[in-house]
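For reference, the structure discussed in these notes is given below.
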Amino acid sequence: MQRRLRLRRTVDFDQLRRGGQRWHHPMILLIAGENDLEHSRFGFAASRGFGNATARNRMKRILREIVRSRLSLIEDGWDCLFVARRAANGANFAEVEVAVNQLMKRSNLLKSRSDMRVPEVVK
RNA sequence: CAAGCUGGCCGUGUGGUCGCGGCCUGGUUCGCCAGGUCGAGGAAAGUCCGCACUCCACAAAGCACGGUGCCGGCUAACGGCCGGGCGGGGUAACCCGACGGAAAGUGCAACAGAGAGGUGUAUUGCCGGCUGGAGCUAUGGCUCUUGGCCGGUGAGGGUGAAACGGUGGUGUAAGAGACCACCAGCAGCGGCAGAGAUGCCGCUGGCUCGGCAAACCCCACCGGGAGCAAGGUCAAGCAGAGUGGAUGAUAUGCUGGGUCGUUUGAUUGUGUGAAAACACAGUCGUAACGCUCUGGUAAACUCAUCGGGGUUGCUCGCCCCGACUGACACUCGGGUAGAUCGCGUGAGCGAAUCAGCAAUGGUUCGCCUAGAUAGAUGACCACUGCCCGUGUCUAACACGGGUACAGAAUGCGGCUUACAGGCCAGCUUGAUCU
RNA sequence: GCGGGUGUAGUUCAGUGGUAGAACGUCUCCUUGCCAAGGAGAAGGUCGUGAGUUCGAAUCUCAUCGCCCGCU
């Protein structure tokens, strides 16, 4: 995933955690909020409690790859933060993919081809 | 063949599609794009030691505190490594050891036991003496005693983790290093071998003088503190200071000079005084601090608001003055976010060769090998390597499953811990065959 | 990256070389018509794990694992 599509500043993360809308899944927590850019940006996080360094890095790589593969389907102008939860430790690519799909649908962040309705997110 | 010991090594590979980071080249609408090339480990881990590097502190020495602890060597250094000594374990290959000092001093040893540190103890026991009782008797005594008192003794039994040497003898009422021989151990002196730890030998001594220092401690040696989020450079924003017509003045920052005052040292004079000394005044020196004086230097003729004044009676406009007002612009020093350097040519890797038992070092040749910063190695597919299970008598083969521990963040030397599965070399013991 | 603390009964904690303890909780009995309170008694421990020192270790030493906190 290109670096300009990534969340890279501590300030951005803090803002998102304070003001973002949240969707929960046993494996993953999704936090999203509007930005002023014409593209969306994504961040990936796994706390020390998730597992050791290898497990944390691997989970972030899997999430990054899943999001990258469906970039064209996601609405522009949103900051999204995916937080890996403890239950996801040990999960393989396919299992995580299912979880991400569910969250995407529930959050209405996917572009719909027929109507261009705006996702319902608290401002 | 089986069991084991030691040292070293590997820890899937190939191709395809999509994707990521660094560097180089070219293009660029300066957003990026294209091509090339490189891109995790043996432990990258834990952070237990040691260095380099950076900043801070610092006369020397000592004390305190912490660490290390047989000897010699290697090393940048180490608590690491190599070789050796001693002790312990194993049939052996081999392995393990915080392995200085207990006659420098202070301490500790529960319970049990008679007695637990120095020279002390006596329950049972053994022995002797006196005496009580019983029996026999040839009347002299003899025998028994699980009675009492006094004395000798520490060999035996028993307690304990540990009890002041072991074996044999002499000796004695019974015994004891009381004495003797041999052995073990200790101390002192000497000799030989060795670089040393240490080993071997001899003589003398008292005859035995124990354990714990991962108890305090003593001795020897080592150690300043903090860490790459160290530290350097650039520097939005916010806050601060200054400037905003000219000149002059003032203020501020930086900087140079002078003077004065205070503190302090030297010295002269005068006064008081017997003197020491004190007081006052002057001169010279010394820095530190403070104040004052002075020079240099730095910076937009901005706008708005409010108040006052002027312009022609009013409004607008214009002009002037003022403000604990605000904005804006600029300047200044410090500096946050951020950027950038630190940051990978190094105690580097590979090969050959020389010195050395070895750790290691020297020489020659070749190689350049990650550098991110919410942190780059991922996803999918095909074939394949290895291991396990099932099917089959075995093999081949088929099917199913598994393929670890773990992810660089300043670098390096060690130690420790985790790890599916496997390879190589040398050695030991046992069994069998030739 | 660096520094510090902690681990003992179900819970909260004592114990700093010599038999593992207290409070609360649990269980049994007494008391009561019943419950609570009260009284009596009992059970409950790999002293986080593994080595070592010592005659003897929760305690001393080393290694290791988990948890918590702080600095930047």
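Both backbone and side-chain heavy atoms feed into the values below; hydrogens, waters and symmetry mates do not.
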task = Would you please name every residue forming a side chain to side chain contact (heavy atoms under 4.5 Å, CB included) with Ala87(A), sequence neighbours left out?
result =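 For Ala87(A) there are no side chain to side chain contact (heavy atoms under 4.5 Å, CB included) partners, ignoring immediate neighbours.
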
query = Whom does C179(B) pair with, Watson-Crick or G-U wobble, provided both distances fall under 3.5 Å?
reply =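 The answer is G169(B), by the H-bond criterion.
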
ask   = Does U14(B) have a Watson-Crick or wobble partner in any strand here, with both distances under 3.5 angstrom, and which is it?
value =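 By the stated definition (distances under 3.5 Å), A382(B) pairs with U14(B).
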
Write down the distance separating the [atom1] atoms in [N] and [M], rounded off to the nearest Å.
N       : M       : atom1 : answer
G407(B) : G42(B)  : C1'   : 13 Å
U46(C)  : C71(C)  : C1'   : 38 Å
C222(B) : G256(B) : P     : 48 Å
C71(B)  : A351(B) : C1'   : 38 Å
U37(B)  : A396(B) : C1'   : 46 Å
C349(B) : C412(B) : P     : 10 Å
C18(B)  : G411(B) : P     : 35 Å

ask   = Taking Val100(A) as the fixed residue, which of Val96(A), Leu103(A), Val98(A) is the one that meets the side-chain contact (heavy atoms from CB on, under 4.5 Å) rule?
value =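 For Val100(A), the side-chain contact (heavy atoms from CB on, under 4.5 Å) check succeeds only for Val96(A).
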
inquiry  = Tell me which one of Arg64(A), Arg68(A), His39(A) satisfies side-chain contact (heavy atoms from CB on, under 4.5 Å) with Leu5(A).
reply    =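 It is His39(A), the one option of Arg64(A), Arg68(A), His39(A) that forms the side-chain contact (heavy atoms from CB on, under 4.5 Å) with Leu5(A).
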
key: Ring-on-base stacking A374(B) with Phe13(A) (under 5.5 Å, under 30°)   =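 Yes; by the centre-distance and plane-angle rule, Phe13(A) counts as stacking on A374(B).
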
query = Has Arg106(A) got more than 12 heavy atoms of other residues, nucleotides or ligands less than 6.0 Å from its CZ?
reply =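 Atom CZ in Arg106(A) is packed in, count exceeds 12.
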
Look at the side chain of [X] and decide which nucleotide, out of [options], has an atom nearest to it.
X        : options                  : value
Asn52(A) : C20(B), A379(B), G407(B) : G407(B)
Asn57(A) : G19(B), G407(B), C33(B)  : G407(B)
Ala53(A) : G407(B), A379(B), C18(B) : G407(B)
Thr54(A) : A374(B), G407(B), C18(B) : G407(B)
Arg64(A) : C33(B), U377(B), G378(B) : U377(B)

Interatomic distance, Met59(A) CE vs U377(B) C1' [rounded to whole Å] =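 Roughly 17 Å, once rounded to whole Å.
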
task = Round to the nearest Å and state the distance from Arg56(A) atom CZ to A408(B) atom C1'.
result =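 Atom CZ in Arg56(A) sits about 14 Å away from atom C1' in A408(B).
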
inquiry  = For Ala99(A), is there any backbone N or O sitting under 3.5 Å from a side-chain donor or acceptor partner on Gln102(A)?
reply    =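 No; zero donor-acceptor contacts below 3.5 Å.
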
inquiry  = Please classify G140(B) as syn or anti, treating any glycosidic angle within 90° of 0 as syn.
reply    =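 Chi for G140(B) falls in the syn range.
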
message = For G401(B), does the O4'-C1'-N9-C4 or O4'-C1'-N1-C2 angle fall within 90° of 0, making it syn, or is it anti?
response =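 G401(B): anti glycosidic orientation.
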
inquiry  = If you go through the side-chain atoms of Arg61(A), does one of them form a donor-acceptor pair with the base of G407(B) closer than 3.5 Å?
reply    =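 Checked by distance alone, the answer is yes.
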
message = Considering every strand and a 4.0 Å limit on heavy-atom distances, what is the contact class for Arg58(A): base, sugar-phosphate, or nothing?
response =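 Here Arg58(A) touches the backbone only, sparing every base.
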
